[in-house]
Amino acid sequence: MDDQIKQSFVALRRQYIDNCFTRLNDRQQEAVFYGNGPLLLLAGAGSGKTTVLVNRIANLIRFGDARYSDEVFGSPTAQDIAQLRRLIDQPDNQPDARMEGLLRVGGIAPYHILAITFTNKAAGELKSRLSAMLGQTGQDVFASTFHSACVRILRRSGEALGYPSGFTIYDSDDVQRIMKKIYKELSVDDKFMPLKQAINSISHYKDQMISPSEAAKLCGGDAKARLLVKLYTVYEELLKKTGGMDFDDLIYQTVRLFEQFPDILEQYRRKFQYILVDEYQDTSHAQFRLVELLGAGHRNICVVGDDDQSIYRFRGATIENILNFEHQFGEAKVIRLEQNYRSTANILNAANSVIEHNRGRKGKTLWTDSEKGTPVLHFVAENEQDEAKHVAASIAEHVAAGARLRDHAILYRMNALSAPVENYFVRAGLPYKVIGGHKFYDRKEIKDMLAYLHILSNPMDDLRLERIINEPGRKIGGATLETVAMLAADEGCSWLQIISRVQQYPVLSRASKSLLNFWQLYQKLQEVRRQIPLEELPEQVLELTGYRAMLKAEGEEGEARLENIGQLITAVKKYALERGEDASLEGYLEEVSLITDLDSYDENADLVVMMTLHAAKGLEYPYIYIVGMEEGVFPGQMSSFSAEDMEEERRLCYVGITRAQKELQLCSTESRMMYGQTRRNRPSRFLEEIAPECLNEEYSETAQEMHSLRNRWGDEDDYGTDRAFGCGNGPKRGMYQGKPEYTNNNKTGGDGYSSPYHGGGLRMAAGNSTMQNSVNKPEKTERPTESGEFSIRSAYERANRRSDGFDPSVSFGGVTPKKEPVKAAGEKKFEVGDTVHHKIFGTGTVVSVTPVAGDMLVEVEFAAATKKMMANYAPLTKD
DNA sequence: ATCGATAAGATCGAC
DNA sequence: TCTTATCGAT
């Protein structure tokens, strides 16, 4: 009797559980319900891996093994059965606590689950999706990045290794400063061993779990290697002394902690009974070790990743982690998620055909049910301005047809490529946001303010002290600080301790007054810190340190900086409000130091987004533009020397392509100003690799005119032999075939390797420039910004004029162009009162017109807002 | 004589 | 932005 009730309950329970996950496909369900033991989810781009992750965690917590179990904990009654029936019929109703208990067989408590994500933002999203499914319970899952998780472990248990619980986290900027100092001290020549190389190598040592002494054993007799070990050793000593850890340390030291203190490891093993790792293809060896150590007992390790999307080899990620997972933890179950829900068939085919050129893959072909969609477009522009113009015009078209700005993303290989696009967008009045590049927390004033806060929290932080001790000026210069540093090294104490006892040191007599003043300021700040709540602290620091006064005196730029600090103050207030009682200065600083620019991305704002291909990982947009699809840019010239690097570039391309949902445009230019030189690059080989049936080609009007122009002028050119490569009417399929290696024509000859393009290029110029396989339809787009008809001459001038005055040799910090445009006047005229039409903002009225260096700044009142834009660059037409 | 401030010059990889 | 040269102040 009882048995029968139990059986029908189990059957109903199975039905109920299945109902909770019906929206998943078969593979996804298999992944959700697969039981204990190592599990590898090979999840292609857009295959719904986050959904699987969330559902798998939810299933673990809510039902445990119940899906495949005949057991019931507790004794279900006929009433329970009736209730479960009702719940199945009415999925909106929530079971009560008793029913939840009956539904669960050996579930895992949320706080026993560790979910590692790639960014803090992803961790937050995971939690909020879990909360949506599970309520409060979802919040108790330990979801974080490797780094955040390690910080928590080290703060709690790191003292065993000799680190204070209040250790400082050094960002890459700090690391560079430290290394610079070491270079000076050991008088190392940057030319012999570039600073970046040393920092990179040290980072690699840590990724590989190699300590300075082990490195010494490994390095052999090579002078460079020995120097590197020396630098590594000194660097580590310095970090330990100042109680600081760099990003790599967070992982490295945690692994060391676990290896050296088995009891501590055991404690965390008990805590994390179930481990999930997202983006596993981008984990380092040290991170693998961490997972291995934590998971060794229960082996409940589920990793999710896509070997084709491994794009962080350069910073220590080893693709081997995912390639070898099957065997590293014993026999692992492998489930492939290959159905793509994101992109059209054309986009997906393009992605597949590119990635197929890689060897060393797990092998996986994405497929989709969705329609073919628009073919991928390869757009050839004359130069980077032309390219920017095309992207802007294309976005404007979409917007005019009803798309939103935020449906568009522009991706590029290097941050430097954003500048011309930004420049154009600013002038066109197109709202955009750059992710990465110049980060908020990289600004000097923000770093300074944070440095003040840091030294309050960690008085041993000499590095941050050095940053602000003379900011604003306090008559404490380099020489004085060197003396202080020397004394501190002698006594093995911190700089601040020396400063607190200035009068004891005759060598400091000259600077004693200034130092004493600073010491008093420091004490005052500490006192204030004790007395006031956290949210008021930054304001006080700003005031008492004289930082505000300094910025006030600077005028306009200072005002802008003060505004930034205002944002910082707001952020602190927000933090204090969120955390309430738990808020602490240390906690805030930690949160800040682990922020990456991806974390601060707000997708609600209606803006075009620009970012590097790396930053785009994990994101998706209806419309994607990848600019700079050229040999030497993407793939970059650095990658042409090793097959591994080239494969990584190709994966990066794959990542880029698979970000697109509806439409993808790949743009290349015939000539591009880079590193202060105009270069002619061939279109990227990745374009050649895309299956022709899903790719269209289009030339900008200028690029077209330039072709006929060059053909007419024959050999005359400014570009030396390189000219030939830009001359054909398009890239020819198969051109690369049979060429084992590619070098880039970054200089015109003479640097050792002759360009393999030479022959092909000349052949192209001389022979017929066919357009097999390419669909060329230049007449498709009409850009209203172009006025009048083209003469060949004017096309030439137009193309060669750096029309926006942008000079890439000047670093380009913000959105404000540094140079004025060069004689672009007279092309378009607007007067106050004119009714004008803008591609994005619609119809508006000109409010003011101001001549600016050859162009006109027009202020236009649209229905939504009043915008200022440059007459010659904005997609504005007079009605 | 020494130190600090100021002004002018090179810089350029993805996190 | 960080480094380098020169000037002015102590």
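In this text, all values refer to a predicted model and were calculated from it rather than measured experimentally.
Shown here, C/dA5 forms a base pair with B/dT6; the pair counts as Watson-Crick or G-U wobble because both key distances fall under 3.5 Å. Remark: B/dG13 base-pairs with no nucleotide in the shown strands. Criterion, Watson-Crick or G-U wobble with two distances under 3.5 Å.
Taken from CG in A/Leu231 to OH in A/Tyr183, the straight-line distance is 5.5 Å, to the nearest 0.5 Å.
Counting to the nearest Å, the P atom of C/dC2 and the CD atom of A/Glu471 are 11 Å from each other. The interatomic distance linking A/Lys475 (NZ) with B/dA5 (C1') rounds to 8 Å, in whole Å. Rounded to whole Å, the distance from CG on A/Leu515 to C1' on B/dC3 is 13 Å. Here the C1' atom of nucleotide B/dC12 and the CD atom of A/Gln176 are 13 Å apart, to the nearest Å. To the nearest angstrom, P of B/dG13 lies 16 Å from CG of A/Asp173. Rounding to whole angstrom units, CZ of residue A/Phe634 and C1' of B/dA14 are separated by 11 Å. Counting to the nearest Å, the C1' atom of B/dT11 and the CG atom of A/Asn415 are 15 Å from each other. Atoms CZ (A/Arg561) and P (C/dT1) sit 6 Å apart, rounded to a whole Å.
Looking at the side chain of A/Lys444, the nearest of the listed nucleotides B/dG4, C/dT1, C/dT3 is C/dT1.
For the residue pair A/Asn564 and A/Glu445, a side-chain donor N or O sits within less than 3.5 Å of a side-chain acceptor on the partner. Looking only at atom types and distance, the side chain of A/Tyr312 has no donor-acceptor partner in the side chain of A/Thr283 under 3.5 Å away.
Below 30°, between 30° and 60°, or above 60°: for A/Trp519 and A/Tyr522 the angle between ring planes is below 30°, a parallel geometry.
Each of A/Leu481 and A/Thr612 lies near DNA chain B, and the nucleotide nearest A/Leu481 is the one positioned closer to the 5' end. Judged by closest nucleotide on DNA chain B, A/Arg510 is the one of A/Glu648 and A/Arg510 placed further toward the 5' end.
By the criterion of a centre-to-centre distance under 5.5 Å and near-parallel planes under 30°, the ring of A/Phe314 forms no stack with the base of B/dG13.
Contact annotation: A/Asn470 reaches the phosphate of B/dA5 (side-chain N/O to OP1 or OP2, under 4.0 Å).
A cation-pi arrangement is absent between A/Arg651 and A/Tyr654, since the terminal nitrogen or guanidinium carbon is not both under 6.0 Å from the aromatic centre and inside a 45° cone about the axis.
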